[in-house]
Amino acid sequence: MSLKLVYFPLPGRAEPIRLALTLGGVEFKDERMSGEQWGSNLKSEVAPKQMPLLYVGDKVIGQSLALLRYAGKISKYEGKPLYPECPELALEVDEFVDFVCELFPPLGASFKITDQTEKEVFRSKLVSEGGDIHKWLSYLDTLIGKSKSGFAVGDYITIADIALFCFVLPLKSGWLDGMPTTCLDGFKNLTAHKVKLSAIPEIKAYYSEPKTPLYKAFQ
């Protein structure tokens, strides 16, 4: 069955899905379109669905976390599914992914601020000690620090690791005005996790040639 993933030309909500499929060796078309292309035709065609969108044969499916779980189910790395078949392990993976997604509400609020200076101050506070994003990064850092394997759940890579990798690293990319590129420096376990995943040959190869400067944070 043919697969086509459609999203903007940046990591965002689609990146974990792209990486899971790539890591599993699943063939798919990675279509990246501009905001203008999205707004001019596709948005009205698929409403109320939002990107990322996955075309599975003749069906169009939305909701990024549903797509990530699907990608994990059809993708295996070293013989193990990226989304565990064991219900209890799958539950832990879902919980961890949901924890990672707690980063989005405070960050999303910053995009509604129209004054540039105010926006930058707001974002800087988010990743400073006591800030909403800093609190969640600290919690995620603690969770990874408790892992004997270095992976988020269990002893092998899952979509929980991929979500953490893809959703946290853009914070230090420099793309988000006001968010310093050093904002992850104090989290040694998150840093070690990034190094661990970056060393996986397939991931290293995938990010060897950044598509845009934003992708350099993944190297």
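Computed over heavy atoms, backbone and side chain alike; hydrogens, waters and symmetry mates excluded. Since the structure is predicted, the reported quantities are computational estimates derived from the model, not experimental observations.
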What about Leu164 and Leu91, same hydrophobic cluster or not, with Ile/Leu/Val/Met/Phe/Trp/Tyr joined at side-chain heavy-atom distances under 4.5 Å? no
Tell me, do Leu65 and Cys101 make a side-chain contact under 4.5 Å, heavy atoms counted? yes
Check whether any side-chain heavy atom of Leu103 sits under 4.5 Å from a side-chain heavy atom of Val168, and report yes or no. yes
Inter-residue atom distance Phe167.CZ - Leu107.CG, 0.5 Å rounding: 11.5 Å
Close side-chain approach of Glu102 and Asp98, heavy atoms under 4.5 Å: no
Output side-chain donor-acceptor pairs under 3.5 Å for residues 179-199, partner residues at least two apart or in another chain, one line each.
residue : atom : partner : partner atom : Å
Asn189  : ND2  : Asp141  : O            : 3.1
Asn189  : ND2  : Asp141  : OD2          : 3.3
Thr191  : OG1  : Phe187  : O            : 2.9
His193  : NE2  : Asp161  : OD1          : 2.8
Lys194  : NZ   : Gln219  : O            : 2.0
Lys196  : NZ   : Ser149  : O            : 3.3
Ser198  : OG   : Lys194  : O            : 2.8

First locate atom CD1 of Ile113, then atom CZ of Phe122, and finally report the distance between them rounded to the nearest 0.5 Å. 5.0 Å
Evaluate the side chain to side chain contact (heavy atoms under 4.5 Å, CB included) criterion for residues Ile203 and Phe165: first the C-alpha distance (whole Å), next the side-chain angles of each, then the deciding distance (0.1 Å), finally the verdict. CA-CA 11 Å; Ile203 294 180; Phe165 184 83; 4.1 Å; yes
For Phe111 and Trp175, take the angle between the two ring planes, folded into 0 to 90°, and tell me which bin it lands in: parallel under 30, tilted 30 to 60, perpendicular over 60. tilted
Please check if atom NZ in Lys204 has more than 12 non-hydrogen atoms from other residues, nucleotides or ligands closer than 6.0 Å. no
Straight-line distance of Leu23 CG to Leu82 CG, nearest 0.5 Å: 5.5 Å
One should read off an interatomic distance between Asp94 CG and Arg69 CZ, to the nearest 0.5 angstrom, of 5.5 Å
Could you pull out all residues at least two apart from Arg13 that satisfy salt bridge (charged side-chain N to carboxylate O under 4.0 Å, His left out)? none
Do Tyr207 and Leu19 come within less than 4.5 Å of each other through their side chains, counting heavy atoms only? yes
Would you call Leu137 and Leu171 a side-chain contact if the rule is heavy atoms closer than 4.5 Å? yes
Following the transitive rule for hydrophobic clusters with a side-chain heavy-atom cut-off under 4.5 Å over Ile, Leu, Val, Met, Phe, Trp and Tyr, establish whether Val127 and Phe104 coincide in one cluster. yes
Is it the case that more than 12 heavy atoms not belonging to Glu36 sit under 6.0 Å from its CD atom? no
Of all the heavy-atom pairs spanning Ser147 and Gly150, show the shortest one and how long it is. OG-N, 3.0 Å
Please tell me whether Glu202 and Tyr77 have a donor and an acceptor in their side chains that are separated by less than 3.5 angstrom. yes
Closest non-hydrogen atom pair, Ala217 against Lys172: O-CE, 3.9 Å
Hey, quick one: are Phe96 and Tyr156 part of the same hydrophobic cluster, counting side-chain heavy atoms closer than 4.5 Å, chains of contacts allowed? no
With sequence neighbours left out, write down each residue that passes ring pair (Phe, Tyr, Trp, His ring centres under 6.0 Å) with Tyr215, or none if nothing qualifies. Phe218
Over all atoms of both residues, closest heavy-atom pair of Phe8 and Gly35: CE2-CA, 3.8 Å
So, does Ser124 use its side chain to make a donor-acceptor pair with the main chain of Glu120 at under 3.5 Å? no
Do NZ/NE/NH1/NH2 and the carboxylate oxygens of Glu15 and Arg18 come within less than 4.0 Å? yes
Could you tell me whether Lys119 atom NZ has more than 12 heavy atoms of other residues or ligands within 6.0 Å of it? yes
Of all heavy-atom pairs linking Leu53 and Gly62, the shortest is CD2-CA, 4.1 Å
Minimum-distance pair of heavy atoms, taken over all atoms of Leu67 and Leu5: CD1-CD1, 4.5 Å
Can you establish whether the number of heavy atoms outside Glu129 located under 6.0 Å from its atom CD is more than 12? no
Is the backbone of Gly131 close enough, under 3.5 Å, to the side chain of Ser128 for a donor and an acceptor to pair up by distance? no
From CA spacing to verdict: side chain to side chain contact (heavy atoms under 4.5 Å, CB included), Ile200, Glu78: CA-CA 11 Å; Ile200 294 174; Glu78 295 185 340; over 6 Å; no
Counting only heavy atoms not in Gln63, do more than 12 sit closer than 6.0 Å to its CD atom? no
Once you round to the nearest 0.5 Å, how far does OG1 of Thr22 lie from CD1 of Ile17? 11.5 Å
How long is the gap from CG on Leu42 to CD on Glu31, to the nearest 0.5 Å? 8.0 Å
Group every Ile, Leu, Val, Met, Phe, Trp and Tyr by side-chain heavy-atom contacts under 4.5 Å, then state whether Phe151 and Val153 land in the same group. yes
Please determine whether side chain to side chain contact (heavy atoms under 4.5 Å, CB included) holds for the pair Leu21 and Asp30, giving the CA-CA distance in whole Å, both sets of side-chain angles, and the decisive distance to 0.1 Å. CA-CA 10 Å; Leu21 294 173; Asp30 183 10; over 6 Å; no
Heavy-atom pair with the smallest gap, counting every atom of Val100 and Ala163: CG1-O, 3.9 Å
Do Leu126 and Trp136 make a side-chain contact, defined as non-hydrogen atoms from C-beta onward lying under 4.5 Å apart? no
More than 12 non-hydrogen atoms from neighbouring residues, nucleotides or ligands closer than 6.0 Å to NZ on Lys216, yes or no? no
